[in-house]
Participant: 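So that we are looking at the same thing, I have put the structure below in structure tokens.
Hydrogens, waters and symmetry mates are skipped; everything else that's a heavy atom, side chains included, is used.
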Amino acid sequence: MQTAPATTLPHDSGQPLLHQTGAETQPFGTLKQLPVGLGHDTRMYACQRLNRVLADTQILYALYKKHHWLMRGATFYSLHLMLDKHADEQLALVDALAERVQSLGGVAVGDPRHVAELTSVPRPPDGVEKVPVMLSRLLDAHERILIDARDAAARLSAEGDEGSNDLLVSQIVRTGEAQVWFLAEHLVDTSLVRV
């Protein structure tokens with residue numbers, strides 16, 4: 001039995017060009033010039049600060065998902081749903097931060113291994129912790145982000161970068177404060193509350 005000879009499709013046939021390789025076109029920590037009305041040094045500083053908040057926010061998102069999956073006990077259902085909602089909100093912040101870095105001409109940190117190098121959020125154990133410990137871990141991560149975001153917002157505003165300031169205050173800080181409130185209320189010892 002004979003097989004038909006292999007044919008090669010022309011370049012314009014729609015055939016995907018697979019297994020491509022090449023050098024990176026913009027290294028992390030560099031800027032391309034964009035006409036956004038901000039100087040190079042201001043944009044560079046903004047990208048550094050935003051990438052740090054971005055790395056911590058990506059870790060916070062991952063912590064929310066981990067704890068969402070590992071919830072236990074009588075409050076499982078309500079916490080399971082709340083943590084998933086918070087995770088979705090954090091994922092939206094990840095996207096907003098990354099897009100801001102890109103809009104300033106920088107390179108947003110995206111690879112999880114690179115994120116792990118930049119984050120200030122401590123790594124949790126691989127296994128399951130008690131529910132109050134998981135909630136406390138989330139609160140600690142939030143506080144780290146809130147402190148850094150407030151500092152970055154003030155410094156960037158002083159540099160004239162009101163766009164980054166607005167993102168940090170109106171989205172990162174306000175979302176974080178609301179999520180902290182909801183988490184912290186789950187740590188109230190209701191046995192001490194008298195009616």
Participant: Do the non-hydrogen side-chain atoms of C47 and L31 ever get within less than 4.5 Å of each other?
Facilitator: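 Yes - at least one pair of side-chain heavy atoms lies under 4.5 Å apart.
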Participant: Answer yes if Y64 and V180 sit in the same cluster of Ile, Leu, Val, Met, Phe, Trp and Tyr residues linked by side chain heavy atoms under 4.5 Å apart, and no otherwise.
Facilitator: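 Same cluster.
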Participant: Look at atom CD of E143 and say whether more than 12 heavy atoms of other residues, nucleotides or ligands are closer to it than 6.0 Å.
Facilitator: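 No, the 6.0 Å shell around CD holds no more than 12 heavy atoms from other groups.
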Participant: Once salt bridge (Lys or Arg N to Asp or Glu O under 4.0 Å) is applied, do any residues pair with D41, and if so which ones, sequence neighbours excluded?
Facilitator: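 In terms of salt bridge (Lys or Arg N to Asp or Glu O under 4.0 Å), with neighbours along the sequence ignored, D41 is linked to no residue.
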Participant: Examine V169 and V94 and state if one hydrophobic cluster contains both, with Ile, Leu, Val, Met, Phe, Trp and Tyr joined whenever side-chain heavy atoms are less than 4.5 Å apart.
Facilitator: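 No: no chain of side-chain contacts under 4.5 Å links V169 to V94.
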Participant: Any idea which heavy atoms bring R100 and S103 closest together, and the distance?
Facilitator: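 For R100 versus S103, the nearest heavy atoms are O-OG, 2.8 Å.
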Participant: For Q26, does its backbone N or O pair with a side-chain atom of T30 as donor and acceptor, under 3.5 Å?
Facilitator: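 Answer holds: no.
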Participant: Please round to the nearest 0.5 Å and tell me the distance separating atom NE2 of H186 and atom CG of L135.
Facilitator: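 Atom-to-atom, H186:NE2 and L135:CG are 7.5 Å apart.
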Participant: Quick one: does R43's side chain get under 4.5 Å of K32's, heavy atoms only?
Facilitator: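 No, too far: nothing below the 4.5 Å cut-off.
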Participant: Taking atom CZ of R49 and atom CG of L168, what is their separation to the nearest 0.5 Å?
Facilitator: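 The CZ atom of R49 sits 8.5 Å away from the CG atom of L168.
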Participant: Should K65 and D84 count as side-chain neighbours, where that means a heavy-atom distance under 4.5 Å?
Facilitator: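 K65 reaches D84 side chain to side chain.
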Participant: Are V131 and F182 co-members of a hydrophobic cluster defined by side-chain heavy atoms under 4.5 Å apart?
Facilitator: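 Yes, it is one cluster - the side chains of F182 and V131 are joined through contacts under 4.5 Å.
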Participant: L104, L34: one ILVMFWY side-chain cluster at the under-4.5 Å cut-off?
Facilitator: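 In one cluster: yes.
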Participant: Identify the heavy atoms of K66 and G127 that sit nearest to each other, and give their distance.
Facilitator: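 Residues K66 and G127, closest heavy atoms: NZ-O, 3.3 Å.
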Participant: Search all heavy atoms of A55 against all heavy atoms of V109 and return the closest pair with its distance.
Facilitator: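 Smallest heavy-atom distance, with atoms named: N-CG1, 4.1 Å.
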Participant: Between E117 and R113, is the closest basic N to carboxylate O distance under 4.0 Å?
Facilitator: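 Salt bridge: no.
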Participant: Check whether any side-chain heavy atom of I172 lies under 4.5 Å from a side-chain heavy atom of L97, and answer yes or no.
Facilitator: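 I172 reaches L97 side chain to side chain.
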Participant: Is L138 reachable from V133 through a run of I, L, V, M, F, W or Y residues, each pair having side-chain heavy atoms under 4.5 Å apart?
Facilitator: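 Different clusters.
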Participant: Would a distance-only check, ignoring hydrogens and angles, find a side-chain to backbone donor-acceptor pair under 3.5 Å from T119 to V115?
Facilitator: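 The answer is no, because no donor-acceptor pair under 3.5 Å joins these two groups.
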Participant: Looking at residues at least two apart in the chain, or sitting in another chain, which of them share a salt bridge (Lys or Arg N to Asp or Glu O under 4.0 Å) with E129?
Facilitator: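 For E129 the salt bridge (Lys or Arg N to Asp or Glu O under 4.0 Å) partners, ignoring immediate neighbours, are R137.
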Participant: Taking the side chain as every heavy atom from C-beta outward, state whether L187 and L139 have any atom pair closer than 4.5 Å.
Facilitator: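 L187 vs L139: side chains touch.
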Participant: If you take all heavy atoms of P124 and L63, which pair is closest and at what distance?
Facilitator: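 Heavy atoms only, the tightest pair is CG-CD2, 3.6 Å.
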Participant: Do D161 and R155 sit within salt-bridge range, that is, some charged N less than 4.0 Å from a carboxylate O?
Facilitator: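 Salt bridge between D161 and R155, a charged N being under 4.0 Å from a carboxylate O: no.
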Participant: What is the distance from atom NE2 of H67 to atom CG of L183, rounded to the nearest 0.5 Å?
Facilitator: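 Rounded to the nearest 0.5 Å, the NE2-CG separation comes out at 9.5 Å.
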Participant: So do M82 and M71 actually touch side chain to side chain, heavy atoms under 4.5 Å?
Facilitator: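 Of all side-chain heavy-atom pairs linking M82 with M71, none is under 4.5 Å.
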Participant: Under 4.5 Å between any side-chain heavy atoms of Q90 and T175, yes or no?
Facilitator: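 Yes - at least one pair of side-chain heavy atoms lies under 4.5 Å apart.
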Participant: May I ask you to decide whether D140 forms a salt bridge with R144, counting only side-chain N to carboxylate O separations under 4.0 Å?
Facilitator: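 The answer is yes: the pair qualifies as a salt bridge.
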Participant: Report yes or no: does N165 contribute a side-chain atom to a donor-acceptor pair with the main-chain N or O of L156 at less than 3.5 Å?
Facilitator: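 Such a contact is absent between N165 side chain and L156 backbone.
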Participant: In Å and rounded to the nearest 0.5 Å, what is the NE2 to CH2 distance from H80 to W69?
Facilitator: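 Output value for this atom pair is 10.5 Å.
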Participant: Distance from Q58 atom CD to D111 atom CG, nearest 0.5 Å?
Facilitator: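 Answer rounded to 0.5 Å: 9.5 Å.
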Participant: Rounded to the nearest 0.5 Å, what separates atom NE2 in H86 from atom CG in L79?
Facilitator: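 Spacing of NE2 (H86) from CG (L79) equals 10.0 Å.
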Participant: Has Q171 got a side-chain atom pairing as donor or acceptor with L93's backbone, closer than 3.5 angstrom?
Facilitator: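 Side chain of Q171 to backbone of L93: no pair is present.
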Participant: V107 vs V101, test: side chain to side chain contact (heavy atoms under 4.5 Å, CB included). Steps then yes/no.
Facilitator: CA-CA 6 Å; V107 177; V101 171; 5.7 Å; no
